[in-house]
Amino acid sequence: MPMSKNKKDKPLRFPANLVSPIAGFLVSNLKRLENRKREISKEDPFKNAARINDNASPDADAEEQFGHARTSAIREQIDRQIIQTRKALTRIKIGKYGICEDCGKMIDTDRLMAYPEATLCMKCQAKREK
Ligand SMILES: [Zn+2]
């Protein structure tokens, strides 16, 4: 029997002893992101518009517009991070953490250490961003 058979049959899996601390990190990260999102919503001047609008000077108006644009941009970014973190947690649940969604190859551990919510390898990520 050729030696290589065993190696080939070994299921592609991220080391189990690393998955559990990563899952813990992702869960606390998700909580932090959701809290941040709530805080940002409170900061949005449009949410407090009734208070400001009564005596709005043009300056206050511009500031309000700017504040809203800024908080929306931050909120969008947080939303993307929340989605990505949830996705990574789902990958853990189904036992596919660390495996690229697109090509099915192992994601570089260096990449996962720097970006634990990654669900795509560097190559496929670059392809999607094109
Ligand atoms: Zn890939």
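Read the numbers this way: they start at 1 and go in the same order the structure lists the ligands and their atoms. The shown structure was predicted, so the numbers you read here are calculated from the model rather than taken from an experiment. Heavy-atom basis, side chains included; hydrogens, waters and symmetry copies ignored.
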Chemist: Under 3.5 Å, side chain of Arg91 to main-chain N/O of Ile99, donor-acceptor pair present?
Modeler: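 Such a contact is found between Arg91 side chain and Ile99 backbone.
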Chemist: Taking Arg32 for its side chain and Val27 for its backbone only, find out whether a donor-acceptor pair lies under 3.5 Å.
Modeler: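 No, Arg32 side chain to Val27 backbone: no donor-acceptor pair under 3.5 Å.
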Chemist: Mark yes or no for whether Gln84, through its side chain, and Glu117, through its backbone, hold a donor-acceptor pair below 3.5 Å.
Modeler: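 Yes: the side chain of Gln84 pairs with the backbone of Glu117.
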Chemist: Identify which protein N/O/S atoms are less than 2.8 Å from the Zn ion (ligand 1).
Modeler: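 Near the Zn ion (ligand 1), the protein supplies Cys100 SG, Cys103 SG, Cys121 SG, Cys124 SG.
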Chemist: Under a 3.5 Å distance rule, please check whether Ser20 uses its side chain to pair with a backbone N or O of Asn17 as donor and acceptor.
Modeler: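 Not at all, since once roles are kept as given, no pair shorter than 3.5 Å links the two residues.
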Chemist: I need the Ile78 CD1 to Ile83 CD1 distance, nearest 0.5 Å.
Modeler: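 Going from CD1 on Ile78 over to CD1 on Ile83, the span is 12.0 Å.
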Chemist: What's the spacing between Leu89 CG and Ile22 CD1 if we round to 0.5 Å?
Modeler: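 The distance works out to 11.0 Å.
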